[in-house]
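Here is the structure we will look at.
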Amino acid sequence: MIVLSAASELYPLVKTGGLADVAGALPAALAAQGVRMVSFVPGYPAVLTALAEAEVVHHFPELMGEPARILKGVAAGVEVLALDAPHLFNRAGNPYLGPDGRDWPDNAQRFAAFSSAAAMVARGLIAGFQPDLVHAHDWQAALTAAHMHYGGGPPAVVTIHNLAFQGLFPASVFPLLGLPPQAFAVEGVEYYGGLSFLKGGLATAAAITTVSPSYAEEILGPREGMGLDGLLRARESVLTGILNGIDTRIWDPASDPLIAQSYTAKSLARRSANRKALARRFNLKADDGLLVAVVSRFTAQKGIDLLAAAIAPLVRDGVSFALLGSGERGLEEALAREASAQPGRVGLITGYDEALSHVVQAGADAILVPSRFEPCGLTQMYGLRYGALPIVARVGGLADTVIDANEAALAAGVATGFQHAPESADALIHAVRRAQALHRRGGPWQALQKNAMAADVSWARSAARYAALYSSLSKV
Ligand code: ADP
Ligand code: GLC
């Protein structure tokens, strides 16, 4: 079976979050299931550099007003088709935001063009390549499903990675989409008089998935449904939650070249060199207290305001923090205030640093993910794999991947971390204190680390579920 993936990010070429990791890892995971996945991506500068030797397989005389091409090649070990449209994608930096930190004003044009070009590829109109199915990710690619629905083509799967981003635009953009007039309807892309790219995809897809079973349930209600819960309830029979995995070749403490000292569950003592390296990078005083890390976008979704409120009381209890991330200015400032109030105990590195994120997972005692909602979350899974025990909010994929160290789980010897509910600073503080109490006891902490490192966070199970879904939809 041949599947065309359409996604606006691809690790390691273009990444703003977990979508890139997932799009980058799925092709290899699915190959093991007999699925050939070819990835359609926008031709951002990093993609074009990686495809310097690529073949041109299609010329558009005009796409959103200017000529464009489709390139075919291999980038980062993945079969790639790239939409080389310099007027839309030849922009360095964040793929969605301009230098002023705001959405590019032509994002509707950019991702409408991306989806309509993906639809042409899906229909087999380019380079004699005929996919059996198209798998579109998030709002940037979701309209591909609408093209399949209204104009014909193979079945389309749409995956929701985050319902908070819906691709909302004014109705005046509709003529640019290349969809027939009847698509501007309640059953199509119309949304409260305007357009929603994501809604258009969800309304028309042959199947909808999201990235954890818990989030699949949560989005059927008004709180996490974010205005789309009614539509999702109507489409519940085609909605499933398939948990993300992680790329266990890239995230492997036994062979990770980015960390100071490799280790396994059998040689946990070797981890201390990584803890020292982490403390040095974040200017933390050396001590034996619980060292908690965060690697995150700094947004309200991620509960960073709750974290900021919890830091001072926890530092008084002897906890230290290593914080890596960037995002909303108010949250960056709140964390910066905590860091300057607690020198040596709270280290903050503002920015995006993939290599440093490995150092953090290898050295921290615990990784904190206090999200208000979390479709899946990957950092807690990196934490499991690296023995940095996850302390997480009991929501979405966090609830599905971490086994709380409650009495029953401790007695059964299956706990892998700590959960807190509700999403509040008090509950978060309580969970960190539970972790701290166990950490002081040494032996039981190591038992949890061993459980965590033995947890199956690979793609194997979930890739098999995607493969089964694809075969149920396509005749191949
Ligand atoms: P989301 O996609 O909602 O941001 P995920 O947990 O699914 O959340 O994925 C986030 C990804 O981005 C992970 O791979 C994480 O390690 C990475 N990441 C987030 N912030 C940073 C940062 N400041 N530096 C390096 N990596 C980061
Ligand atoms: C989104 C979600 C995150 C998920 C990632 C990959 O960015 O916020 O929870 O892990 O997509 O699916």
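The basis for the numbers below is simple: all heavy atoms, side chains too, and nothing from hydrogens, waters or symmetry mates. Note that ligands are numbered from 1 as they come in the structure, with each ligand's atoms numbered from 1 the same way. Bear in mind that the values here come from a model prediction, so they are computed numbers and not experimental data.
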(request) Please answer whether the main-chain N or O of Gln419 pairs with a side-chain N or O of Arg434 as donor and acceptor at a distance below 3.5 Å. (result)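 Side chain of Arg434 to backbone of Gln419, a donor-acceptor pair under 3.5 Å: yes, one is there.
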(message) Within the 4.0 Å heavy-atom shell around Gln301, which atoms of ligand 2 are there?
(response)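 Close to Gln301: 8 (O).
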(request) Give the numbers and elements of all ligand 2 atoms closer than 4.0 Å to a heavy atom of Asn162. (result)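 That gives atoms 8 (O) of ligand 2.
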SB check [X] [Y] (cutoff 4.0 Å):
| X | Y | result |
| --- | --- | --- |
| Asp256 | Arg249 | no |
| Arg394 | Asp400 | no |
| Arg275 | Asp365 | yes |

Which protein non-hydrogen atom lies closest to [atom], naming both residue and atom, and how far is it?
| atom | result |
| --- | --- |
| atom 11 (O) of ligand 2 | His161 CB, 3.3 Å |
| atom 10 (O) of ligand 2 | Gly377 N, 2.8 Å |
| atom 9 (O) of ligand 2 | Glu374 OE2, 2.4 Å |

(request) Any pair with a residue in residues 342-399 that passes ring pair (Phe, Tyr, Trp, His ring centres under 6.0 Å), sequence neighbours left out, goes on the list, sorted by first then second residue, please. (result)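 Only Trp251-His358, Trp251-Tyr382, Trp251-Tyr386 qualify under ring pair (Phe, Tyr, Trp, His ring centres under 6.0 Å).
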(request) Give every residue pair that meets the ring pair (Phe, Tyr, Trp, His ring centres under 6.0 Å) criterion with at least one member in residues 209-231, sequence neighbours excluded. (result)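 Listed by first then second residue: nothing to list.
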(request) Find out whether Arg461 and Leu243 are in side-chain contact, i.e. whether some heavy atom of one side chain is under 4.5 Å from a heavy atom of the other. (result)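 Not touching, per the 4.5 Å side-chain cut-off.
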(message) Is there a side-chain contact between Leu323 and Leu307 in this structure, where contact means two heavy atoms from C-beta onward sitting under 4.5 Å apart?
(response)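 Leu323 vs Leu307: side chains touch.
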(request) Tell me which part of Val211 gets within contact of ligand 2: side chain, backbone, both or neither, using heavy atoms under 4.0 Å. (result)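 The side chain, only.
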(message) Taking 4.0 Å as the limit for heavy-atom contacts, which would you say applies to Asp21 with ligand 2: side chain only, backbone only, both, or neither?
(response)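 No part of Asp21 comes within reach of ligand 2.
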(message) So for ligand 2, is Asn244 a polar contact partner (N or O within less than 3.5 Å, distance only)?
(response)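 Looking only at distances, the answer is yes, because the N/O contact criterion of under 3.5 Å is met.
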(message) Checking the N or O distance criterion of under 3.5 Å, is ligand 2 in contact with Cys376?
(response)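 Yes, Cys376 has an N/O under 3.5 Å of an N/O on ligand 2.
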(message) Before we go on, tell me: are the rings of His430 and His420 under 6.0 Å apart, centre to centre?
(response)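 Ring-ring flag for His430/His420: false, centres at least 6.0 Å apart.
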(message) Tell me which residues fall inside the under-4.0 Å heavy-atom shell around ligand 1.
(response)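 Contacting ligand 1 under 4.0 Å are Lys15, Gly17, Gly18, Asp21, Val295, Ser296, Arg297, Lys302, Leu324, Gly325, Gly351, Tyr352, Asp353, Glu354, Ser357, Glu374, Gly377, Leu378, Thr379, Tyr382.
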(request) Please name all residues satisfying side chain to side chain contact (heavy atoms under 4.5 Å, CB included) with Leu228, sequence neighbours left out, ordered by chain then number. (result)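 Residues passing side chain to side chain contact (heavy atoms under 4.5 Å, CB included) with Leu228: Leu163, Gln166, Tyr191, Leu198, Lys199, Leu202, Leu231, Leu232.
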